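Since we're looking at a predicted model, the values are computed, not measured. Reminder, nothing fancy here: chain letters follow the sequence lines and each chain counts from 1.
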There are 2 protein chains.
Amino acid sequence: MDTKDRQIIRALQRDGRMTNQDLAEAVNLSPSPCLRRVRNLEAKGVIQGYSAEVDPAAYGLAITVFVRIKLERHNEEDVQKFEKRVRLIDEVLECHVMTGAMDYQLRVLVPDLEAYENFIRNRIHPIGGIASIDTSFVYGTVKRTAVFPLSR
Amino acid sequence: MDTKDRQIIRALQRDGRMTNQDLAEAVNLSPSPCLRRVRNLEAKGVIQGYSAEVDPAAYGLAITVFVRIKLERHNEEDVQKFEKRVRLIDEVLECHVMTGAMDYQLRVLVPDLEAYENFIRNRIHPIGGIASIDTSFVYGTVKRTAVFPLSR
DNA sequence: ACTGAAACTTTCATTTC
DNA sequence: GAAATGAAAGTTTCAGT
């Protein structure tokens with residue numbers, strides 16, 4: 001992971017469909033060593049995949065919610081159960097283990113408020129062992145980028 | 001935005017570098033109408049771009065932080081100033097306006113704790129007009145996907 | 001041994017029908 | 001939606017550092 005690798009990563013974060021030729025040009029490399037580096041980054045799991053960035057509202061998912069959840073107990077069994085169940089919920093795009101008063105933060109996408117109510121009632125509460133839930137809806141988005149800051 | 005469009009979107013969220021040929025096959029369309037739909041989704045801003053998904057830790061950004069911020073005043077001027085300044089900070093990958101006790105939630109990426117301290121001191125505090133800051137570090141990630149749940 | 005260049009093969013995007 | 005054409009992209013090989 002040197003400067004060239006980081007340049008490649010940032011270029012592919014800006015445009016994941018860039019051709020290898022353009023990428024090579026952008027980072028001042030010829031196509032074959034450039035492709036070698038990309039393949040290597042993919043193989044090592046540094047580049048985990050490529051994805052289209054989509055406007056959730058235009059797709060029909062107007063509501064983005066950050067849900068913070070605290071468990072009642074933190075024994076291995078309850079934690080595993082919670083995490084396993086959460087991974088299976090389609091509406092949950094992200095789930096992080098957090099420091100602070102709450103244990104988890106979820107990013108959830110639903111079409112409307114009613115769907116969110118159903119999500120909590122039918123997907124989250126049935127998991128059990130939940131001490132408290134804190135919901136914050138997204139009003140608007142000031143910034144959203146995939147491009148990392150340059151390191152070093 | 002019909003079922004085919006949503007299928008296309010979800011396929012491109014799973015693999016943003018998919019060729020039009022493979023995409024067409026995946027959604028049971030022939031290449032030319034498929035490409036027409038993709039171009040249309042791009043033109044309408046539904047598909048906003050394509051990006052590589054990168055492991056932040058492997059890139060050298062080991063610390064993910066969710067920072068919730070409350071402003072002292074909510075007049076147009078102070079709000080605009082805050083949002084303008086936040087957009088310029090490279091370490092801030094996301095900034096949302098939120099319901100609840102805090103006004104904003106930021107997703108921040110830094111190499112280490114020291115860098116986070118410097119980030120707050122040199123990037124956030126100098127903006128001014130901030131009433132309170134609440135920091136939650138990410139311990140681990142249970143789930144992270146780009147693929148939307150299917151709607152309808 | 002690793003990087004850069006070039007040629008060749010294959011595949012894809014585009015346009016027309 | 002299919003087919004043809006033109007353009008790229010990937011792969012492999014070779015040369016140089």
Side-chain angles (χ1 to χ4, degrees), chain A residues 1-60 144-152, chain B residues 1-62 111 144-148 150-152:
Chain A
M1 175 67 53
D2 57 9
T3 300
K4 277 270 178 289
D5 282 340
R6 275 187 284 268
Q7 286 177 344
I8 287 172
I9 284 169
R10 284 161 52 85
L12 287 174
Q13 284 178 330
R14 272 181 238 108
D15 179 8
R17 290 197 64 117
M18 215 174 183
T19 66
N20 183 57
Q21 237 179 62
D22 288 349
L23 178 61
E25 193 175 336
V27 302
N28 285 315
L29 234 51
S30 63
S32 54
C34 183
L35 186 63
R36 252 197 300 275
R37 280 171 179 271
V38 173
R39 293 287 179 259
N40 197 253
L41 290 167
E42 289 168 352
K44 285 194 300 189
V46 179
I47 294 176
Q48 294 165 337
Y50 301 87
S51 180
E53 299 168 318
V54 181
D55 175 13
Y59 178 90
R144 183 162 178 80
T145 179
V147 186
F148 289 170
L150 23 74
S151 224
R152 253 153 297 251
Chain B
M1 174 68 54
D2 57 8
T3 301
K4 276 274 180 284
D5 282 341
R6 274 187 283 270
Q7 285 177 345
I8 287 173
I9 283 169
R10 283 161 53 84
L12 286 175
Q13 284 178 331
R14 272 182 237 106
D15 179 7
R17 290 199 64 117
M18 215 174 182
T19 65
N20 182 57
Q21 239 175 234
D22 289 349
L23 178 62
E25 191 176 338
V27 301
N28 284 314
L29 235 49
S30 63
S32 48
C34 182
L35 186 64
R36 260 195 292 273
R37 280 173 180 270
V38 172
R39 293 287 180 257
N40 196 251
L41 290 167
E42 289 168 351
K44 285 194 300 188
V46 178
I47 296 177
Q48 295 165 336
Y50 301 87
S51 180
E53 299 168 317
V54 180
D55 175 12
Y59 178 89
L61 297 167
R144 183 162 178 78
T145 179
V147 186
F148 289 169
L150 23 75
S151 224
R152 252 152 296 248

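Summarising the geometry, the separation between CZ on B/R39 and C1' on C/dT14 is reported as 9 Å, rounded to the nearest angstrom. Atoms CG (A/D2) and C1' (C/dC2) sit 13 Å apart, rounded to a whole Å. We find that CZ of A/R36 is positioned 11 Å from C1' of D/dT11, with the value rounded to whole Å. The distance between atom CG of A/N40 and atom C1' of C/dC2, rounded to the nearest whole Å, is 13 Å. A/D5 places its CG atom 14 Å from the C1' atom of C/dT3, with the value rounded to the nearest Å. Separating the CG atom of A/L35 from the C1' atom of C/dA5 is a distance of 14 Å, rounded to the nearest angstrom. Between A/L29 atom CG and D/dA9 atom P there is a gap of 16 Å when expressed in whole angstrom units.
B/R10 is not listed as a side-chain neighbour of A/V54, based on a closest heavy-atom distance of 4.5 Å or more.
Pairs of residues two or more places apart, or lying in two chains, that qualify as ring-ring contact (aromatic ring centres under 6.0 Å, His included) and include a residue from residues 2-59 of chain B are A/F148-B/Y59.
Listed by residue number, the members of residues 11-28 of chain B with any heavy atom below 4.0 angstrom from DNA chain D form an empty set.
Here the side chain of B/S30 is nearest to one of D/dA2, C/dT14, C/dG4, namely D/dA2.
Of the residues A/V38, A/L29, A/L35, the one that meets the side-chain contact (heavy atoms from CB on, under 4.5 Å) test with A/L23 is A/V38.
Across all non-hydrogen atoms, the minimal contact from A/D5 to A/R37 is OD1-NH1, 2.9 Å. Taking all atoms of both residues into account, the shortest heavy-atom contact from A/S51 to B/Q13 is OG-O, 2.9 Å.
The main-chain N or O of A/G16 is found under 3.5 Å from a side-chain atom of B/R17 such that the two form a donor-acceptor pair.
Nearest-nucleotide positions on DNA chain C place A/P33 closer to the 5' end than the other of A/P33 and B/S32.
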